[in-house]
Amino acid sequence: MKVPPYNTRPDMGRLREIIGVMGKYQFGNILEAVGLKNRFFETLKLYIRHPDEVHEPAAVRLRLVLEELGTTFIKLGQVLSTRADLVGKELADELSKLQDEAPPFPFRDVKAVIESELGEPLEDVFAEFDEEPLASASIGQVHRARLRSGDVVAVKVQRPGITGTIKSDIIIMKYLAKLADDRIPGLRYYNLPGIVSEFERAIRKELDYHQEANNAERFRSLFRDDDTVYAPYVYREYSTGKVLTMEYVEGVKLTDILDSDIKFNARTIAERGARCYFRQIFIHGFFHADPHPGNILVQRGNVLCFLDFGMMGHLDASFRKNLAELFILLMNYDVNGIVNQLRYMNILTEETDPDEIRYDIMDLLDRYYGADIRKVGELLTEFTMPEMIMKHGIRIPRDFVLLARVMSMAEDLGERLDPRFNGLEVAWEMTHELIRQRLNPMRVLDSAPTTLIEMDHIINDLPQSIIRTVQRLEEGKIRMELEHKNLDEISKRIERSTNRISLALLVSALIIGSSLVVLPNEALILQKFPYLGLFGFAVSFLIALALIVSIIKARRIN
């Protein structure tokens, strides 16, 4: 048997720990289904306890498992919380409670990482550096510092060894996902190996602080003319893949505003937050994918400052256009239009029964329409539930699912700030702005460079394409593929017609021959009676009769 490379083997010690924690929270049935319970029975006996948590619902127990297993599994849970289409709304809501918090690591490790990454002693870069972190998470922690230039900055430093820990855990996740996919047929719908691969791509981006710096700069550029939204400046010369130095921003975390009596204009904050998110989605197609209140500061004048750009969503222009049209149809309760739009967006497949999906969409809209519709994101999230997907064979793009989840979280945040908050008004304004942009004749100028480049490619390639085609014609190497339909039936009809013509010719020949035989001056007369001629007439009559009957039958069939 071929031995896999060393770096693809799961860490058995860590695997035993994971299996023990799953057994502790009564997920032994899953371990048994994938064939691990007997193999690690002794490990399970050491871990099995009877804490109060085991009496909680399965969704709560799964969240506790992920929390106890640490960084990688917490991050996996956070990613799954955005995939209600796979795990269902109940589990997605429970996983959204996962908090990415961890004890701080020592300052000596912080200093070692910074000096290794920047290639200079910490004292040569920073005039001041607070040893106590402002915040500590599973991947990194943030410290307040002052550059030699005098600028106050927030320095995000990656936790030492976290990359290796995450890689090791991902190998175990892949191993467990493959086992579950092979041994539990009911789980194949969820494509667990695919989920792990998607998570691996997401967390790799989060581990790369260069990517986060790019995201922060792009976000800052998109809102540079909006005085209600702010993003910190990135100091590129003091940033690497494991150290991110950004402008230190004064403000109050939205979590503190929600959980205290701090006086802010909650309605203004809710409206500005909704306007900012809808602008990210519909206008820019680049949105903050983790609208947790801890990632948003409120500055003087109710200015919103976004933090932590590790997880961002992307929507292309075509998808944004289709999404805006879908929103308008949703707001107008146009069920037929919604069905047609979903089909145009390739969300509905050929297997989808249009009548069934129409009735289900009506039921869904009726649950959210009262005096007005307020929960657009929650409505979209329900549409992406596994029950709807499996029932109608719906094909949901990943961006659509992430978008629905983000909108739902943003709407909930707005409602917590102001119970009268209604994001419909902002959504209506943004979608119509996008439609106006599409109808603007000057929009052609925006796409002119791309169109000219494509035309240039066509003009340059056309002569060579013609030459190659002519050469193949001369060499007889042109191949054509023809698709025929019902050609066999046509061949059968031609064959039947040919047979009938042959029979008709035969009858004609027999009649003519028989006529010649019965002539008085012919010699072939037996005892003065033309027997041979009469026989020919009789055979001709029978064949002609059979031919007439077959023609009548064929007409009746056709």
Side-chain angles (χ1 to χ4, degrees), residues 80-93 185-192 194-195 198 278 281-282 285 287 313 315-412 422-424 427-428 430-432 434-435 438:
L80 289 177
S81 73
T82 67
R83 296 302 306 270
D85 60 314
L86 293 177
V87 300
K89 188 174 186 301
E90 180 184 358
L91 182 55
D93 288 342
L187 291 178
R188 286 173 191 159
Y189 161 78
Y190 297 99
N191 185 18
L192 297 181
I195 290 175
E198 180 182 320
F278 282 116
I281 291 165
F282 290 113
F287 60 94
L315 302 173
D316 62 34
S318 175
F319 189 86
R320 296 201 306 272
K321 172 185 75 68
N322 291 330
L323 189 66
E325 293 169 353
L326 179 63
F327 263 61
I328 291 173
L329 294 168
L330 282 170
M331 295 173 202
N332 289 332
Y333 202 103
D334 186 348
V335 177
N336 289 328
I338 292 169
V339 172
N340 292 333
Q341 184 69 9
L342 292 173
R343 183 174 287 111
Y344 179 74
M345 295 171 71
N346 292 320
I347 290 176
L348 300 186
T349 64
E350 294 181 357
E351 300 173 359
T352 306
D353 185 320
D355 292 328
E356 285 292 325
I357 190 70
R358 191 176 291 111
Y359 285 124
D360 279 353
I361 288 174
M362 278 193 285
D363 291 342
L364 188 60
L365 291 176
D366 287 341
R367 287 204 296 275
Y368 287 91
Y369 270 85
D372 54 17
I373 182 171
R374 300 170 64 90
K375 293 279 191 176
V376 180
E378 193 170 323
L379 187 153
L380 292 178
T381 301
E382 280 211 37
F383 182 75
T384 62
M385 291 297 100
E387 298 80 10
M388 287 285 284
I389 293 172
M390 296 177 72
K391 179 179 180 181
H392 299 291
I394 297 172
R395 182 171 49 233
I396 301 290
R398 179 191 175 279
D399 289 334
F400 190 93
V401 178
L402 178 61
L403 174 68
R405 183 65 179 170
V406 166
M407 288 185 63
S408 181
M409 292 172 68
E411 287 171 346
D412 287 341
N422 185 350
L424 173 64
W428 184 265
M430 291 297 159
T431 52
H432 278 71
L434 188 61
I435 297 299
R438 284 185 58 214

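Everything quoted here is computed from the prediction, not taken from an experiment. Values below: all heavy atoms of this structure, side chains included; hydrogens, waters and symmetry mates excluded.
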Engineer: Test I361 against Y333 for side-chain contact (heavy atoms from CB on, under 4.5 Å), laying out the working first.
Structural biologist: CA-CA 10 Å; I361 288 174; Y333 202 103; over 6 Å; no
Engineer: Would you indicate whether the side-chain heavy atoms of K391 and I357 approach each other to under 4.5 Å?
Structural biologist: no
Engineer: For L330, is there any backbone N or O sitting under 3.5 Å from a side-chain donor or acceptor partner on D334?
Structural biologist: no
Engineer: Can you tell if the side chain of I328 reaches within under 4.5 Å of the side chain of N332, non-hydrogen atoms only?
Structural biologist: yes
Engineer: If you take all heavy atoms of N336 and R358, which pair is closest and at what distance?
Structural biologist: OD1-NE, 2.7 Å
Engineer: Within this structure, what is the NZ-CG distance for the pair K321 and L326, rounded to the nearest 0.5 Å?
Structural biologist: 11.5 Å
Engineer: Evaluate the side-chain proximity of I281 to L323: yes if any heavy-atom separation is below 4.5 Å, no if none is.
Structural biologist: yes
Engineer: R343 and P354: which non-hydrogen atoms are nearest, and at how many Å?
Structural biologist: NH2-CB, 3.9 Å
Engineer: If only atom types and distance count, is the side chain of Q341 paired as donor or acceptor with the main-chain N or O of L329 below 3.5 Å?
Structural biologist: no
Engineer: Which value, rounded to the nearest 0.5 Å, describes the distance between L80 atom CG and E198 atom CD?
Structural biologist: 8.5 Å
Engineer: Using every non-hydrogen atom in the two residues, find where T349 and H392 come nearest and quote the distance to one decimal.
Structural biologist: OG1-O, 4.3 Å
Engineer: For a 4.5 angstrom cut-off between non-hydrogen side-chain atoms, does F287 reach F282?
Structural biologist: no
Engineer: Could you grab the distance from atom CG of N322 to atom CG of L315, nearest 0.5 Å is fine?
Structural biologist: 11.5 Å
Engineer: Is there a donor in the side chain of D353 and an acceptor in the side chain of Y359, or the other way round, less than 3.5 Å apart?
Structural biologist: no
Engineer: Measure the spacing between CZ of F319 and CE of M345 and express it to the nearest 0.5 Å.
Structural biologist: 4.5 Å
Engineer: Could you give the distance from CD1 (I347) to OG1 (T352), rounded to the nearest 0.5 Å?
Structural biologist: 10.5 Å
